[in-house]
Amino acid sequence: MIKVKNRKILLLPGDGIGPEVVNEVKKIIEWFNKNKSLDFKIDEGLVGGASYDKHKNPITDEVFYKALESEAVILGAVGGPKYDNLEFSKRPERALLKLRKELKLFANLRPAICFKQLVDASSLKPEIISGLDIMIVRELTGGIYFGEPRGIVPIENGERKGTNTHTYTTSEIHRVARVAFELAKKRKNTVTSCEKSNVMEAGMLWREEVQALRDKEFKKVELKHMLADNCAMQLVKDPKQFDVILTDNLFGDLLSDIAAMLTGSLGMLPSASLGIVNANGKRAAMYEPVHGSAPDITGQGKANPLAMIMSFAMMLRYSFDMNEDSNLIEQAVQNVLSKGLRTADIKQGSENAISTQEMGKAVISELTILLGK
Ligand code: IPM
Ligand code: MG
């Protein structure tokens with residue numbers, strides 16, 4: 001068999017359950033190398049608290065440059081209570097935000113799909129969520145996460161003032177909106193754009209610019225505007241009304257957590273963060289589960305690796321154009337769920353829960369069956 005390509009992937013397991021779920025993805029990558037004649041080259045680095053513990057820095061230059069040079073980054077999770085009192089610039093989350101900003105990963109894709117096997121795992125009624133398939137496109141390098149001025153300063157009377165700034169420019173809005181419209185064309189052709197144009201000028205601009213881009217370049221895509229607070233409510237009330245949701249960095253953070261719970265568990269939601277396409281046609285990309293480091297279950301083998309595994313499936317799709325292989329993983333995940341295998345977060349009542357490693361292994365067995373080997 002011919003080795004097709006030499007693809008460089010950087011694994012950044014991070015903190016908490018990050019290393020546990022990344023470990024399962026590593027086995028899947030090895031499975032692909034062996035069984036599909038691929039040549040993924042894996043490198044690894046410390047990030048977040050794990051990096052702070054060793055280097056007093058949430059991400060070293062060495063790891064940062066490795067990320068710049070790799071074709072795709074897989075990140076587990078960062079953060080944990082141990083680091084809560086660190087000075088702001090040393091906090092684990094700064095590493096994640098630096099990677100997003102410096103790799104210019106402006107479009108964060110968070111698909112919320114309710115697998116039919118899990119319709120009872122959600123806290124919502126089955127009829128509300130069965131068949132749910134939403135794609136949230138969250139702007140990831142702008143808005144209040146990065147705006148200047150920011151900081152905490154002393155003011156009169158011994159008080160202090162904290163400031164963060166929410167800004168967006170036309171081009172920042174257009175480039176992420178373009179991603180949402182392009183995705184919608186391959187789905188149900190509808191984008192719901194969410195902001196708070198009733199109270200924020202930047203929200204007003206967002207609404208106008210998204211509309212302008214649609215009118216100019218995507219006339220066939222249906223565009224709806226919705227205030228972000230209403231969107232939060234509608235997601236719980238009638239989530240199936242949505243196809244693609246386009247929103248800014250902060251609202252996207254919140255709305256994607258809500259969407260995640262519709263699918264039954266945060267442990268099921270993958271994500272892809274995509275950058276600009278550079279001169280040689282490549283785009284930087286990072287893939288991470290939407291869930292965090294989950295310190296409460298760290299080291300117990302309870303974490304659900306499926307969000308991480310499906311983030312790898314997104315990597316195959318968006319970084320390497322390997323749609324068939326991406327589908328193969330998603331199918332394997334569905335088959336595992338159909339067999340009733342559940343980690344603790346998605347099990348019902350008296351069902352038995354399997355461990356992180358057992359779930360990873362079950363996905364690999366299904367991959368092998370699907371491949372007919
Ligand atoms: C997410 C997370 C991050 C964010 C944190 C860990 C900085 O909540 O990816 O949704 O706020 O973006
Ligand atoms: Mg979040």
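Numbering of residues begins at 1 and proceeds along the displayed sequence. Counting starts at 1 for both ligands and their atoms, following the listed order.
Of the possible donor and acceptor atoms, none in the side chain of Glu87 sits under 3.5 Å from a partner among the backbone N and O of Ser89.
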**Request:** Might you work through the side-chain contact (heavy atoms from CB on, under 4.5 Å) test for Leu103 and Lys98, ending with a clear yes or no?
**Result:** CA-CA 8 Å; Leu103 297 179; Lys98 177 174 175 173; over 6 Å; no
**Request:** Apply the test side-chain contact (heavy atoms from CB on, under 4.5 Å) to residues Val78 and Tyr52: give CA-CA distance (whole Å), side-chain angles for both, the deciding distance (0.1 Å), then the verdict.
**Result:** CA-CA 11 Å; Val78 293; Tyr52 178 82; over 6 Å; no
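Looking only at side-chain heavy atoms (C-beta outward), Pro111 and Met314 come within less than 4.5 Å of each other. At least one side-chain heavy atom of Met315 sits less than 4.5 Å from a side-chain heavy atom of Ile9.
Paired with Glu71 under the rule salt bridge (charged side-chain N to carboxylate O under 4.0 Å, His left out), one option of Lys8, Lys282, Arg283 passes, and it is Lys282.
Residue contact annotation: Arg110 has a non-hydrogen atom under 4.0 Å from ligand 1.
Legend: protein N/O/S atoms lying under 2.8 Å from the Mg ion (ligand 2), waters omitted, number 1.
Taking atom 10 (O) of ligand 1 as the reference point, the nearest protein heavy-atom neighbour is Asp253 OD1, 2.8 Å. When only non-hydrogen protein atoms are considered, atom 11 (O) of ligand 1 lies nearest to Tyr145 OH, 2.5 Å.
When Leu96, Leu250, Leu254 are checked for heavy-atom proximity to atom 5 (C) of ligand 1, Leu96 turns out nearest. Of the candidates Arg100, Glu288, His291, Arg100 brings a heavy atom nearest to atom 9 (O) of ligand 1.
The pair Lys185-Glu182 meets the salt-bridge criterion, since a charged nitrogen lies less than 4.0 angstrom from a carboxylate oxygen. Using a 4.0 Å cut-off between a side-chain N of Lys or Arg and a carboxylate O of Asp or Glu, Lys41 and Asp43 do not qualify as a salt bridge.
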Identify all side-chain donor-acceptor contacts of residues 128-140 below 3.5 Å with residues at least two apart in sequence or on another chain.
from	atom 1	to	atom 2	distance (Å)
Asp133	OD1	Arg187	NH1	3.3
Asp133	OD1	Arg187	NH2	3.3
Arg138	NE	Asn249	O	2.9
Arg138	NE	Asn249	OD1	3.1
Arg138	NH2	Tyr145	OH	3.2
Arg138	NH2	Asn249	O	3.4
Arg138	NH2	Asn249	OD1	2.8
Glu139	OE1	Thr141	N	3.1
Glu139	OE1	Gly142	N	2.8
Glu139	OE1	Tyr168	OH	2.8
Glu139	OE2	Thr141	N	3.3
Glu139	OE2	Thr141	OG1	3.2
Glu139	OE2	Gly142	N	3.4

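No part of Arg94 comes within 4.0 Å of ligand 1, judged by heavy-atom distances.
Close N/O approach between Glu93 and ligand 1 is not found [any backbone or side-chain N/O within under 3.5 Å].
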